[in-house]
Amino acid sequence: MIESDIMNIYQKLLDHFGKRNWWPAETSFEIMVGAILTQQTTWKNVERAINNLKRENLMNIDALAKADISKLERTIRSSGFFRQKASRLKNIASHLMSEYNGDLNVFFDRDTNEIREELLALKGIGQETADSILLYAGGKPIFVVDGYTIRICERLGLCAEKNYDEVQKWFMKRLPKAAEVYGEMHALIVELGKHHCKAEPKCNGCPLMESCSFHSKNNHQTELQSTI
DNA sequence: ACCCAGGTGGCCC
DNA sequence: GGGCCACATGGG
């Protein structure tokens, strides 16, 4: 781990992958829905579910709050854990309807931490999902930590702590405090993770190969260099 | 036939 | 606070 300067890493990832421009969606509510659907699920499967919801005219707060649960389950089936996710989505939509009359501008126009606590109190919204919603749907400057982030921290020797809060603080202390940067960084980390930082590392072409501990520590036997 | 994905909640200690 | 398990589809 030679290059541990975070902005250096950020720039390398940006050069390699290009701007990600996350989160892809037509509305902020679609981002909230996607954040639930993508839990422990590939985006490909989520896209199918999102398209189904749009086709069934369920991609809006009011309709989702009223949706028939069986129909909702069938509609999002491809995203996995569909029974849990259906009831949680419906519950979240109902909450937004009853408390904010379905107006997300009102919902987001408050202190970030207050919104975060409220999100965390809803079933199906944990820390990562709450922060994804705050950042990408609400435009709040808060850094999203996911499984890849923790793993990358280990392999690059960045943040020593492994719990969510500490890793989040680590990044927020070092990155410019801007939603734009936080969003791009998280998206780049996910991109890096998908290609090079799975449990079983795939080294070829990793833009951060030089910095990765797998490289220096021969956790790899092959002659191939490792990666992150 | 495995293993895993842009996690979460419930339970246990 | 951490460790383990169920939750479920679809792709490699």
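In what follows, every chain begins at residue 1, and chains take the letters A, B, ... in the order their sequences are listed. No experiment lies behind these values; they were computed from the predicted model shown.
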Integer-rounded Å distance: [N] [atom2] and [X] [atom1]:
X	N	atom1	atom2	answer
A/I76	B/dG7	CD1	C1'	15 Å
A/R48	B/dA5	CZ	P	18 Å
A/L120	B/dT8	CG	P	9 Å
A/K162	C/dG1	NZ	P	17 Å
A/F82	C/dA6	CZ	P	17 Å
A/N45	B/dG7	CG	P	13 Å
A/I150	B/dG7	CD1	P	11 Å
A/Y164	C/dG1	OH	C1'	18 Å

From the set [options], return the single nucleotide nearest to any side-chain atom of [X].
X	options	answer
A/N163	C/dG10, C/dA8, C/dG2	C/dG2
A/R151	B/dA5, C/dG11, B/dG6	B/dA5
A/Q84	B/dG6, B/dG7, C/dT9	B/dG7

Next item on the list: For A/I125, report the nucleic acid contact type (base, sugar-phosphate, nothing); a contact means any heavy atom under 4.0 Å.
Entry: sugar-phosphate
Next item on the list: Give one of base, sugar-phosphate or nothing for A/L37, where a contact means two heavy atoms less than 4.0 Å apart.
Entry: nothing
Check: Can A/W43 be called stacked on B/dG6 when the rule is centres closer than 5.5 Å and an angle between planes below 30°?
Finding: yes
Check: With centres under 5.5 Å and planes under 30°, do A/W22 and B/dG6 count as stacked?
Finding: yes
Checklist line | Distance between P atoms of C/dC5 and B/dG6 (Å, rounded) | finding: 23 Å
Note to self: Distance check, P atoms only: C/dA8 and B/dG10, in whole angstrom units.
What the structure shows: 14 Å
Ionic contact status for [Y] with [X], cut-off 4.0 Å:
X	Y	answer
A/E166	A/K169	yes
A/E184	A/R20	no
A/E73	A/K90	no

Next item on the list: Could you tell me how the ring of A/F143 sits relative to the ring of A/H186: parallel (under 30°), tilted (30 to 60°) or perpendicular (over 60°)?
Entry: perpendicular
Checklist line | Lys NZ or Arg CZ of A/R110 over A/F107 ring: under 6.0 Å, within 45° | finding: yes
Can you tell me if the side-chain N/O atoms of [X] get under 4.0 Å from OP1 or OP2 in [N]?
X	N	result
A/K123	B/dG10	yes
A/R88	B/dG7	no
A/R74	C/dT9	no
A/Q39	B/dG7	no
A/R83	C/dA8	yes
A/T129	B/dT8	yes

Checklist line | Whichever of A/Q40 and A/K44 has its nearest DNA chain C nucleotide further upstream toward 5' | finding: A/Q40
Next item on the list: Please determine which of A/I115, A/V33, A/I92, A/L119 meets the side-chain contact (heavy atoms from CB on, under 4.5 Å) test together with A/I133.
Entry: A/L119
Note to self: Heavy-atom nearest nucleotide on DNA chain B for A/H186 versus A/G124: which residue maps closer to 5'?
What the structure shows: A/H186
